[in-house]
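Below is one structure, written out as structure tokens; the observations come after it.
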Amino acid sequence: MPELLLELFSEEIPARFQRRAADDLKKAVTNALVDAGLVYEGAKAFATPRRLALTVSGLPVRSPDTREEKKGPKVGAPQPAIDGFLRSAGLSSLDQAKVESDPKKGDFYVAQIEKPGADAVELLSGILPKVMADFAWAKPMRWGSGSFTWVRPLRAITATFGTENDEPVVVPFAAAGLQSGQTTFGHRFLSPDAIRVKRFDDYLVALERAKVVLDIDRRKDIIRTDADNLAFAQGLSVIHDEGLLEEVAGLVEWPVVMMGSFDPEFLKLPEEVIIATIRANQKCFCLRDASGKLAPNFIITSNTIPADGGAVVVAGNERVIRARLSDAAFFYQGDLAIPLEHGLPKLEDMVFHAKLGTQFAMVQRLVNLAAEIAPQVGADVEKTKRAAVLAKADLVTGMVGEFPELQGLMGRYYATAQGEPAEIANALEMHYKPLGPSDRVPTEPVSIAVALADKLNVLSGFWSIDEKPTGSRDPFALRRAALGVIRIVSENNLKFPLQVEPDLLAFFHDRLKVTLRDAGARHDLVDAVISADSNDILQITQRAEALSSLLASDDGANLLAGYKRAANILAAEEKKDGKTYGGAIDQGALKLAEEEALAFAVDGVHAAVAAHVAKDDYKGAMTELATLRAPVDAFFTAVLVNDADPAVRANRLNLLARLRDTMHLVADFGKVAG
């Protein structure tokens, strides 16, 4: 079957846009194809710095003929309704419609609408320019005198359609002042001549000959492999950086890897500063030696094959990196000369949020909150307050001004150099963490206290001004802050009840549910252990784990079935009687051995479960509940709850209520599926 080849050739597309743009192009074209009745077999999209490309295989040469029925107004309807029906159905008179009868609604008109299929090339001629006109770039531009917008000026459009055995045809259309054709171009420097292409397979081969690797993931693999091999030959290893690799692969069409070096004297700088400087300014990878220390070398990815083996390219990068590292050393030495706390007044000039005040005001609230939290997590109050005072001080340093991603980390370096105790210095870095699911969480008490205070300070602040995440919008990373609190508490096994307003507590519940479900917990079990006022993250987590273990056993599964039966009986009888059962059990009204056994077992288990819950021993509590399986099974086998004697019936309903309430000490089993 025929395939479509589309290439949009342009000036350099920013690396950060390329992968998303390729995906968007594929989605837009394939959606339009399906809407037009052109069902395809497969589609792949590609991006390089100078082109977006798409191949769609298994397309039909025509869209299929279609027939549909359109229901119209009732026979005898007003003329305006008749006229509207005829227009919408494309009919000239009612003679072209048929009449159908409905037993309830009577006779009504029906139009048979037949739409003949259309030639695929004709349909593509309308689809492709519309996709291009509607394409949503983050930062589009116009050029020349036209009104068409694209991320960078377009230079050529390739659009062919045909089978592998036939000469393809060009899909004719115009966009951005260009006419579609089948001519593309190779590498800007290594093979800039025009290339005539037919279909995707020969297009791919032709580009490779013209020094263009079309697939961004293949370019990444080339860079990664060549860099590793080059480093290994020198006894070094590459510091892999997936984000940088993605960016570099988007800067080159024919990657060539080389190695440069810098003055080892710069290794006196913190290694994070060196890495950030080289990464940000030259898009180069740093290296480590065999001992794991930062090496005075870096990996360059060039977009050409240098005639001199790379000497000029390497020398140019070395010259720029030397200058950038000299700047970094200047910032670092200048920052070290000024005590961190001397920068605090400058925080009054930094607005955190228009409704929440300055960074200085946020720090004042942070200090007070951290002091309250410190005793709850075993942290020294005075050290915690000191760490909170200095937590944001590095925001006004030269180094963080140059590299904002180093905030916190530079605070630790400066605090250490200026003689602050280790736990205070560490807290300056760790209070921002965790920044994501794979990031570390603070484990030292002072760091824990300041980290919790920082996140709760931000969350409560934004909640107080009604700035909350909505849908996918979360500009202040409040979801991340809540998840950070959850990870700090759970991974450090902290008993730390959240003292927040109900609406914010509900937000934490939602984030905790996501966390537990991602860890493999069933959604119904999570719901069963969270109530509206549950404010202990560790307790919720432990209850969910214990409940999951219980229900994984035969005793647990059968006990749940017994609970469901008891709860259903109680719900029905309470509704019928207009009352709630839950009073004391009358031992004298117990007539059968099985109900006596259950009453005795429930009393003992209730006390034992309550004792375990008081000690946060939820596994122990669940173990006690499991012992009820046998007496519950025996009760429902031998006992008729709705006895003819009202007193016996009421007593048995009270017994079931006692069973229900005992199990609710640990979780709401009514929310558990099954």
Side-chain angles (χ1 to χ4, degrees), residues 340-341 344 347 352 356 359-395 407-416 418-436 439-464 476-501 504-505 507-508 511-512 515 535-542 616:
L340 272 175
E341 57 193 314
L344 292 176
L347 293 177
F352 176 78
L356 294 174
Q359 279 284 6
F360 188 80
M362 290 296 289
V363 167
Q364 289 179 312
R365 292 192 282 269
L366 173 62
V367 172
N368 294 332
L369 185 54
E372 293 177 16
I373 291 173
Q376 301 178 60
V377 299
D380 180 273
V381 174
E382 292 306 315
K383 288 181 178 178
T384 299
K385 290 171 68 176
R386 176 65 175 170
V389 166
L390 298 176
K392 309 297 180 182
D394 68 347
L395 295 179
Q407 62 185 339
L409 176 67
M410 297 314 302
R412 172 170 68 81
Y413 276 115
Y414 296 146
T416 300
Q418 293 167 8
E420 295 289 345
E423 58 259 65
I424 292 177
N426 291 340
L428 302 194
E429 176 188 7
M430 296 303 296
H431 85 280
Y432 285 108
K433 296 183 178 294
L435 293 175
D439 198 15
R440 294 177 297 158
V441 301
T443 56
E444 295 179 348
V446 172
S447 295
I448 290 171
V450 181
L452 287 173
D454 185 52
K455 292 165 180 58
L456 291 171
N457 186 31
V458 170
L459 284 162
S460 59
F462 279 108
W463 247 253
S464 71
F476 305 109
L478 301 181
R479 291 188 180 95
R480 186 176 72 187
L483 289 171
V485 171
I486 289 167
R487 283 192 61 197
I488 292 169
V489 171
S490 58
E491 293 183 28
N492 285 291
N493 289 315
L494 295 174
K495 187 164 184 62
F496 183 74
L498 296 171
Q499 305 298 322
V500 297
E501 62 175 276
L504 180 51
L505 183 60
F507 180 72
F508 271 104
R511 297 299 94 204
L512 184 54
T515 301
N535 68 347
D536 192 320
I537 292 169
L538 183 62
Q539 182 187 93
I540 293 170
T541 303
Q542 292 174 339
D616 292 329

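The analysis underlying the following values was restricted to heavy atoms, covering all of them including side chains, and did not include hydrogens, waters or symmetry mates.
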Within the 4.5 Å heavy-atom criterion, are [X] and [Y] side-chain neighbours or not?
{"X": "V450", "Y": "M430", "answer": "no"}
{"X": "D380", "Y": "P445", "answer": "no"}
{"X": "T541", "Y": "L512", "answer": "yes"}
{"X": "L356", "Y": "R365", "answer": "yes"}
{"X": "L459", "Y": "F508", "answer": "yes"}
{"X": "V363", "Y": "L390", "answer": "no"}

In Å, rounded to the nearest 0.5 Å, how long is the span from [atom1] of [X] to [atom2] of [Y]?
{"X": "K455", "Y": "L369", "atom1": "NZ", "atom2": "CG", "answer": "12.0 Å"}
{"X": "N492", "Y": "I448", "atom1": "CG", "atom2": "CD1", "answer": "3.5 Å"}
{"X": "E382", "Y": "I424", "atom1": "CD", "atom2": "CD1", "answer": "10.0 Å"}
{"X": "L504", "Y": "S464", "atom1": "CG", "atom2": "OG", "answer": "10.5 Å"}
{"X": "L452", "Y": "L498", "atom1": "CG", "atom2": "CG", "answer": "9.0 Å"}
{"X": "L483", "Y": "R511", "atom1": "CG", "atom2": "CZ", "answer": "6.0 Å"}

Which atoms form the tightest heavy-atom contact between [X] and [Y], and what is the distance?
{"X": "V446", "Y": "E423", "value": "CG1-O, 3.9 Å"}
{"X": "A449", "Y": "V377", "value": "CB-CG2, 3.8 Å"}
{"X": "T416", "Y": "A425", "value": "OG1-CB, 3.4 Å"}
{"X": "L347", "Y": "K392", "value": "CD2-O, 3.7 Å"}

So that I can tick it off, tell me whether D394 and R412 are bridged by a salt bridge, with the cut-off set at under 4.0 angstrom between side-chain N and carboxylate O.
no
In terms of side-chain geometry, is the basic nitrogen of E341 or R386 positioned less than 4.0 Å from the acidic oxygen of its partner?
yes
Step-by-step salt bridge (Lys or Arg N to Asp or Glu O under 4.0 Å) determination, K383 to E444
CA-CA 12 Å; K383 288 181 178 178; E444 295 179 348; over 6 Å; no
Hey, mind stepping through I373 and L456 against side-chain contact (heavy atoms from CB on, under 4.5 Å) and telling me if it holds?
CA-CA 11 Å; I373 291 173; L456 291 171; 4.2 Å; yes
Donor-acceptor pair, [X] side chain versus [Y] backbone, under 3.5 Å?
{"X": "S447", "Y": "T443", "result": "no"}
{"X": "Q376", "Y": "E372", "result": "yes"}
{"X": "N457", "Y": "A453", "result": "no"}

Taking the inter-plane angle between the rings of F507 and W463 on a 0 to 90° scale, is it parallel (under 30°), tilted (30 to 60°) or perpendicular (over 60°)?
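Rings of F507 and W463: tilted, 30 to 60°.
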Would you please test E429 and M410 for side-chain contact (heavy atoms from CB on, under 4.5 Å) and show each step?
CA-CA 8 Å; E429 176 188 7; M410 297 314 302; over 6 Å; no
Run the numbers on R487 and D439 for salt bridge (Lys or Arg N to Asp or Glu O under 4.0 Å), then give the verdict.
CA-CA 10 Å; R487 283 192 61 197; D439 198 15; over 6 Å; no
Can you establish whether the number of heavy atoms outside K385 located under 6.0 Å from its atom NZ is more than 12?
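It does not: K385 NZ has 12 such atoms or fewer within range.
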Do you know which of I488, D536, L538, V489 makes side chain to side chain contact (heavy atoms under 4.5 Å, CB included) with F496?
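When side chain to side chain contact (heavy atoms under 4.5 Å, CB included) is applied between F496 and each of I488, D536, L538, V489, only V489 qualifies.
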